[in-house]
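Here's the structure we're looking at; comments come further down.
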Protein chains: 2
Amino acid sequence: MTETYSPSQTVEMSGFSLDTLRYYEKIGLIEPVRRAAGGHRRYSDDDLGWLDMLRCLRGTGMPIARMQSFAELARAGDETVAQRLALLEEHDAAVEAEMERLIEQRDKIREKIVYYRSYLDREPVVCEAR
Amino acid sequence: MTETYSPSQTVEMSGFSLDTLRYYEKIGLIEPVRRAAGGHRRYSDDDLGWLDMLRCLRGTGMPIARMQSFAELARAGDETVAQRLALLEEHDAAVEAEMERLIEQRDKIREKIVYYRSYLDREPVVCEAR
DNA sequence: GTTTGACCTGGAGCGCGCTCCAGCATTCAG
DNA sequence: CTGAATGCTGGAGCGCGCTCCAGGTCAAAC
């Protein structure tokens with residue numbers, strides 16, 4: 001049988017806030033979620049899987065607008081696999097570039113750290129009065 | 001002799017926009033820049049060096065507010081070196097953590113890419129009509 | 001039956017980090 | 001001397017990605 005999850009469970013499992021889950025649904029990042037009798041959402045395992053994908057894309061800096069394109073392609077069915085692949089490959093390259101930039105700048109900061117350390121070694125502690 | 005640079009040269013060399021340079025000065029991220037006779041800014045090599053530092057901090061995701069603390073410590077002189085060191089070390093750790101997150105999520109995206117590729121291999125091309 | 005808490009909707013609001021603009025002054029090439 | 005380019009200030013505006021709120025409905029415990 002297929003599991004379903006309440007909004008609060010989904011918050012817990014997905015790491016998105018309740019508001020963000022509703023927002024993502026509203027803007028079409030996730031398909032309209034199944035509802036229980038009274039109108040309350042019931043997320044499926046599929047929904048959870050999709051949310052996990054979204055988390056990876058957002059977490060690696062993909063803008064919402066691009067994620068919407070991706071979601072639209074996914075909704076369109078199997079003929080769009082090639083386009084989705086292209087989109088992900090392009091994003092992967094962007095992430096790679098971003099990481100290289102990050103490493104470069106981190107290294108510069110580390111140089112600065114080393115410099116500060118050496119400074120403190122030279123001038124160990126300044127006692128306030130002689 | 002000490003070189004100085006016009007705003008437009010500084011834009012070129014620092015990678016910050018003119019507006020951002022003025023904004024950073026206004027909020028105290030950089031000390032008041034020397035002015036030529038007519039009031040136009042003349043950036044020094046020191047300014048350029050500091051801007052490079054700022055670029056590294058911003059580029060690795062340090063929030064403006066934290067950079068302001070750092071700038072304030074720097075202005076306060078040599079007694080704050082230890083505090084600046086601590087701030088940079090903490091930031092370095094944050095960057096490291098961020099990069100690990102990035103790698104994890106990138107790997108998941110790559111798995112998806114592999115999956116899409118294998119899908120396309122199985123079902124090579126769908127000719128529109130039979 | 002009532003209370004408590006989870007959930008609903010539509011829309012307004014917000015924090016961040018710039019970016020743009022009007023209106024004016026300065027500089028420089030020709 | 002004139003015109004174009006560059007620069008100045010103060011303050012408004014903006015794009016992104018949520019986040020919050022009011023005013024209700026629904027569900028489950030007592």
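Keep in mind that the numbers below use all heavy atoms, side chains included, and drop hydrogens, waters and symmetry copies. Each chain gets a letter, A, B and so on, in the order the sequences are listed, and its residues count up from 1.
DNA chain D lies under 4.0 Å from no heavy atom of any residue of residues 92-104 of chain A. Near DNA chain D, meaning a heavy atom under 4.0 Å from it, residues 54-63 of chain B has no residue at all.
The shortest distance between the side-chain N/O atoms of Thr20(A) and the OP1/OP2 oxygens of dT19(D) is below 4.0 Å.
For the pair Ile109(B)/Met62(A), no side-chain contact is recorded, criterion being any heavy-atom separation below 4.5 Å from C-beta on. The side-chain heavy atoms of Arg75(B) and Glu72(B), taken from C-beta on, include a pair separated by under 4.5 Å.
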key: Heavy-atom protein contacts under 4.0 Å, nucleotides 3-12 of chain D, coded B base, S sugar-phosphate only, - none   = ----SSB-B-

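If you find the closest nucleotide of DNA chain D to Phe16(A) and to Ala36(A), the one lying nearer the 5' end belongs to Phe16(A).
Between the P atom of dT19(C) and the CD1 atom of Ile27(B) lies a distance of 13 Å, rounded to the nearest Å. At whole-Å resolution of the value, CG in Leu21(A) and P in dC20(D) are 14 Å apart. We find that OH of Tyr23(A) is positioned 19 Å from P of dC21(D), with the value rounded to whole Å. The separation between Glu12(A) atom CD and dA6(C) atom C1' is 15 Å, rounded to whole Å.
Between Glu98(A) and Arg106(B) there is no salt bridge, since none of the side-chain N atoms of the basic residue sits less than 4.0 Å from a carboxylate O of the acidic one. Ion pairing of Arg101(A) with Glu104(A) is absent here, as no side-chain N (NZ or NE/NH1/NH2) approaches a carboxylate O to less than 4.0 Å.
One distance of note links CD of Gln9(B) with OG1 of Thr4(B); it measures 7.5 Å at 0.5 Å rounding. Atom CD1 of Ile30(B) sits about 5.5 Å away from atom OH of Tyr43(B), to the nearest 0.5 Å. Note that CG of Leu88(A) is 8.5 Å distant from NZ of Lys112(B), once rounded to the nearest 0.5 Å. The CD1 atom of Ile64(B) lies 4.0 Å from the OH atom of Tyr24(B); values are rounded to the nearest 0.5 Å.
Formation of a donor-acceptor pair under 3.5 Å by the Asp47(A) side chain with backbone atoms of Ser44(A) is found in this model.
Exactly one of Gln83(B), Arg84(B), Glu89(B) qualifies for a side-chain hydrogen bond (donor to acceptor under 3.5 Å, both in side chains) with Tyr116(A). That residue is Arg84(B).
Tyr24(A) comes within contact range of the sugar-phosphate backbone alone, with a heavy-atom separation under 4.0 Å but no base atom that close.
The neighbour count for Arg110(A) CZ, taken as heavy atoms of other residues, nucleotides or ligands under 6.0 Å away, is above 12.
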